[in-house]
Enquirer: 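Pasting a structure here, questions to come.
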Amino acid sequence: MDEKFLKPYSPSDTEKRIYELWEKSGFFNPDNLPDAKEREPFSMVLPPPNVTGTLHMGSALMLAIEDTIVRFKRMRGYRALWLPGTDSAAIATQARVEKNIQKTEKKNRHDLGRDELLKRIDTFVEQNKTTMLNQMRAMGASLDWSRYAYTMDDARYRSVMEAFMRMYEAGLIYRDYRIVNWDPKGQTTISDDEIVHEERKAKLYTFRYSKDFPIPVATTRPETKVGDVAVAVHPDDTRYQKYVGKEYDAVFCDVPIHIKIVSDKAVDPKFGTGAVGVTPAHSQTDWEIADRHDLPHDTIVINGYAKMTVSGRLEGKKVIEAREIVVDWLNNENLMEKEEDVSQNISTAERTGGIIEPLPKLQWWVDVDKQFVLSHSEIPGIASGDATTLKEIMRKSVESGATTFVTERYKRVYFNWIDNLRPWCISRQIWFGHRIPVWYKNDKMKVQVESPGTDWEQDPDVLDTWFSSGLWTFSTLGWPENTDDLATYHPTDLIETAYDIIFFWIARMILMSGFFIGQVPFKHIYIHGLVRDVKGRKISKSLGNNIDPVDMADKYGMDAVRLSLVMGTAPGTDSRISEDKIRGYKHFANKLWNITRFILERTKEITLAEKLNDADANIHREVSNLIQEVTDDIDKYRIHLASEKLYQFVWHRFADEILEESKPILMGDDKDARASRARLLRETLDIFLRLLHPFMPFVTEEIWQRIPDRSEKLLMIASWPSYHKE
RNA sequence: GGGCGCUUAGCUCAGUUGGUCAGAGCAACCCGUUUACACCGGGUAGGUCGGGGGUUCGAAUCCUCCAGCGCCCACCA
């Protein structure tokens, strides 16, 4: 017996060495697996972590689940590909770098210029990337590094440009002047789903524009009222019918305004006074009302820095200051009728926390409702050559079952989102990202990747990071080229990700994959929940409750960290992590270590029986049932149950009972019983190592490398145990 | 306003198509150090599975109502 077994299992002496053994074997690349060509493919892309920092427990959970599945599939004989990558996370990354520079050098991005800022970002990204890839290795992730992709690398750049061009040619990408979600803090537009609503207390003011104005209106944003062009009332509201169509002039806080009374069904007669001051340039709803009534849209009174642009006492004031000034003015003029406290949802930018200022801007959009002809379609319900829409692709892909949610309820969440989907704003006023391939000269515009000539100016904006992420399942496999990888591994079999990016990412991948290759991007969607701290709180920097997975692995071993994340964590539900939990699973790794020691020690001088006796055959059947259940569980992605069953059986059935009762047998006089039991124990150990390997790859491989009679050299590619159907 | 969930032992949660599903881990208490492991073993705890009603031969598991809690979406100014 290997002398190592005489001491407790030491993860820190083991993990790095074992990972190198795997990586050097070349079998992370499925094409190197024995008889690769005969194997059925299984593929999965890693949701690329943002290069903004280091891995957190959420990423660790994701890696643990995915690695467990891909190791299982590999052992089951699949040509298993797990494709690694990292994400540039445009806005988040640029914001981080800008902040650092602001702090250390007191410079903003304009002081540096576009080229210099991008250089700085590249340096930052390189550093983080190295750290993160090493962390993924530390997790034991059996990723095929030969296919590593980064959202901003050359191959992905080509895919993104190609995608933009094709969508533009199909008329799905267009440029439009309309209200956008402007983030004054990040100085960029963001899409609807990058908004986070925060409930805050606000005051609702009821006032009149002037003494002779007939209708009082209510607002939470008095400062925008200098941009009003109309008052809208509900068509059925009898109180105000007589005023509809009338026009009034007033000077509101030094600003001359012209107000027309219109009737529009978007107005709720029961809210406030039943009359809305219409501010087309600073409200989505109002912009649409203005559209319907042919009102002017160009009454911009707030700029991109959230400051007032009108002249008079409000000039240059921040919106918050302007609000107070307007309120004072209304009170002084006796125009204020009521002030009441209300709570309202305020829109903030997910990445920067800035309060969104709706502003009209000329931006690029993806039209999800426009019809186009999908020339090639493998999506059930849409035939090749059918006219369809992006929204329909998203709907049919899931409705038809071509792609399924492992946790059924997320299907309804997904449909709910599609139903509310509006045009997707894809241009961002930042510098880090894929620059929009559009060129301008005077009032001419060309859409192409290469510059049309020296006197043409490229659009300064870059694409929403989710635009390129949406291509991920196929851009990583070589699209737009017709590669073998694409033919072999797409659609991918599984996507595994957190529920907070179903809309950002899952839906966009379905959209993009459907449009560009007429396929679903993946057959199954496994959604995992958030990892919370021991008190159930979200893990965040400000709370300082982050537990670093690699730190924990240094203390307790990565197998323990992985088990603590996976055990009892049902798909789609949040879980809690604590150091105590991790410590507990370290004990399990050691238990397995000692089980091995016991078996090797106690059976080394016994010649194994040819055949199991009846008692041992019964135990073998028990083990066989376990194999069946565990296999079935993992096949159905119930890895939380599979791991618990294994833990339970190995420790409390096998070690506590079977090994205990084996002691007298192995030391007894019955030679046949001894031989039979020795064989049972050796075989069962072999089976356990295989079954446990996907969950705790390091300790199982380490043991495997040290047992004398193993049939296959590397546990990582050993075959999954078979079982007899009852 | 719309949607999705949660409520099971002190704590954290499992419970897959309704029938050994009333469970696990941790914590607690008692006992044990005969050589695999003290990173251990044995034992103990009695939770009417949030509440009411219903379907069923049978429900934690399906339906309905009620009470708490959470999340997501939404242009109520």
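Throughout, protein chains are lettered first and strands after them, A, B, ... in sequence-line order, and every chain is numbered starting at 1. Basis for what follows: all heavy atoms, side chains included, without hydrogens, waters or symmetry-related copies.
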Enquirer: Does a side-chain N or O from A:His640 land closer than 4.0 Å to OP1 or OP2 of B:G15, or not?
Expert: yes
Enquirer: Answer with yes or no whether the side chains of A:Ser191 and A:Asp193 bring together a donor and an acceptor at under 3.5 Å.
Expert: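 Yes.
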Enquirer: Using whole Å, report how far NZ of A:Lys411 lies from C1' of B:G3.
Expert: 16 Å
Enquirer: Please classify the nucleic acid contact of A:Asn345 as base, sugar-phosphate, or nothing, using heavy-atom distances under 4.0 Å.
Expert: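 It contacts base atoms.
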Enquirer: Does this structure show an ion pair linking A:Asp635 with A:Arg76, if we count only N-O contacts that are shorter than 4.0 Å?
Expert: yes
Enquirer: Can you tell me the pairing partner of B:A38 across any strand shown, Watson-Crick or G-U wobble, with both distances under 3.5 angstrom?
Expert: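 With both distances under 3.5 Å required, B:A38 matches none.
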Enquirer: Categorize A:Lys636 for me: base, sugar-phosphate, or nothing, with a 4.0 angstrom heavy-atom threshold over every strand shown.
Expert: nothing
Enquirer: Looking at the base of B:C26, is there any donor atom on it, or on the side chain of A:Lys581, that sits under 3.5 Å from an acceptor on the other one?
Expert: no
Enquirer: Using atom CZ of A:Phe405 as one end and atom C1' of B:U16 as the other, report the distance to the nearest whole Å.
Expert: 20 Å
Enquirer: What integer distance in Å separates A:Gln344:CD from B:C76:P?
Expert: 10 Å
Enquirer: Answer with base, sugar-phosphate or nothing: what part of the nucleic acid does A:His652 contact at a heavy-atom distance below 4.0 Å?
Expert: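 Sugar-phosphate contact only - A:His652 comes under 4.0 Å of backbone atoms but never of a base.
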Enquirer: Considering only heavy atoms and no angle criterion, is a donor-acceptor pair shorter than 3.5 Å present between the side chain of A:Glu660 and the base of B:A36?
Expert: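 Side chain to base: pair present.
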Enquirer: Suppose we define a pair by two distances each less than 3.5 Å, Watson-Crick or G-U wobble; what does B:G68 pair with here?
Expert: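 Pairing partner: B:C6.
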Enquirer: Taking any strand in view, what nucleotide pairs with B:U33 in a Watson-Crick or G-U wobble way, both distances under 3.5 Å?
Expert: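 Partner of B:U33: none.
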Enquirer: Need one value for A:Val217: base, sugar-phosphate or nothing, where a base atom within 4.0 Å counts as base even if backbone is also close, heavy atoms only.
Expert: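 If one applies the 4.0 Å heavy-atom cut-off, A:Val217 turns out to touch nothing in the nucleic acid.
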Enquirer: Please report whether the ring centroid of A:Phe252 lies less than 6.0 Å from that of A:Phe207.
Expert: yes
Enquirer: Mind calculating the distance between CD (A:Glu629) and C1' (B:C21) to the nearest angstrom?
Expert: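 Rounded to the whole Å, the gap is 14 Å.
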Enquirer: Whole Å only: how far is the CG atom of A:Leu592 from the P atom of B:C39?
Expert: 18 Å
Enquirer: Between B:G25 atom P and A:Tyr556 atom OH, what is the distance in whole Å?
Expert: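 From A:Tyr556 OH to B:G25 P: 20 Å.
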Enquirer: Take atom CG of A:Leu641 and atom P of B:C21, then tell me their distance rounded to the nearest Å.
Expert: 13 Å
Enquirer: Using a 4.0 Å heavy-atom cut-off across all strands, classify A:Leu659 as base, sugar-phosphate, or nothing.
Expert: base
Enquirer: How are the rings of A:Phe649 and A:Phe688 set to each other: parallel, tilted or perpendicular (split at 30° and 60°)?
Expert: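 Plane angle over 60°, so perpendicular.
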Enquirer: Within the structure shown, what part of the strands sits under 4.0 Å from A:Thr573 by heavy-atom distance: base, sugar-phosphate, or nothing?
Expert: sugar-phosphate
Enquirer: Can you check the distance between B:G50 and B:U44, where both ends of the measurement are the C1' atom (answer in whole Å)?
Expert: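 Each nucleotide's C1' atom is 28 Å from the other's.
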Enquirer: Which nucleotide, if any, forms a Watson-Crick or G-U wobble pair with B:G25, using both distances under 3.5 Å?
Expert: B:C11
Enquirer: Reckon A:Asp633 touches a base, only the sugar-phosphate, or nothing at all at heavy-atom distances under 4.0 Å?
Expert: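 Answer is base: heavy atoms of A:Asp633 come under 4.0 Å of a base.
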Enquirer: Does the base of B:U12 carry an N or O that pairs as donor and acceptor with the side chain of A:Arg576 under 3.5 Å?
Expert: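 Counting by modelled atom types and ignoring angles, no donor-acceptor contact under 3.5 Å is found here.
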Enquirer: Please determine whether a side-chain nitrogen or oxygen atom of A:Lys591 lies at a distance below 4.0 Å from atom OP1 or OP2 of B:G41.
Expert: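 Yes, within the criterion.
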Enquirer: CD1 of A:Ile527 to OG1 of A:Thr407: how many Å apart, nearest 0.5 Å?
Expert: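 These two atoms lie 7.5 Å from each other.
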Enquirer: If we ignore angles and hydrogens, is there a donor and acceptor under 3.5 Å between the side chains of A:His524 and A:Thr404?
Expert: yes
Enquirer: Could you work out which one of B:G15, B:A36, B:C75 sits closest to the side chain of A:Thr285?
Expert: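 Side chain of A:Thr285 sits closest to B:C75.
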Enquirer: Look at A:Arg412 and B:G5 and indicate whether a side-chain polar atom (N or O) is within less than 4.0 Å of OP1 or OP2.
Expert: yes
Enquirer: What's A:Ala655 touching, base or sugar-phosphate or nothing? Going by heavy atoms closer than 4.0 Å.
Expert: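 A:Ala655: base contact, heavy atoms under 4.0 Å.
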Enquirer: Please determine whether a side-chain nitrogen or oxygen atom of A:Trp651 lies at a distance below 4.0 Å from atom OP1 or OP2 of B:C37.
Expert: no
Enquirer: Quote, to the nearest angstrom, the P distance that separates B:G47 from B:C31.
Expert: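 Taking atom P in both B:G47 and B:C31, they lie 23 Å apart.
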Enquirer: With a 6.0 Å cut-off on ring centres, are A:Tyr647 and A:Phe588 close enough?
Expert: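 Yes.
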Enquirer: Only pairs with both distances under 3.5 Å count, Watson-Crick or wobble alike; so what is the partner of B:G18 in this structure?
Expert: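 By the stated definition (distances under 3.5 Å), nothing pairs with B:G18.
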Enquirer: In Watson-Crick or G-U wobble terms, both distances under 3.5 Å, what is the partner of B:U55?
Expert: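 Because no pair has both required distances under 3.5 Å, B:U55 counts as unpaired.
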Enquirer: Report the distance from atom CZ of A:Arg409 to atom P of B:C73, rounded to the nearest whole Å.
Expert: 15 Å
Enquirer: Salt bridge or not for A:Glu605 and A:Arg674, using N-O below 4.0 Å?
Expert: no
Enquirer: By the 4.0 Å heavy-atom rule, please label A:Asp268 as base, sugar-phosphate, or nothing.
Expert: base
Enquirer: Check every strand shown and say whether A:Phe588 touches a base, only sugar-phosphate, or nothing at a heavy-atom separation below 4.0 Å.
Expert: nothing
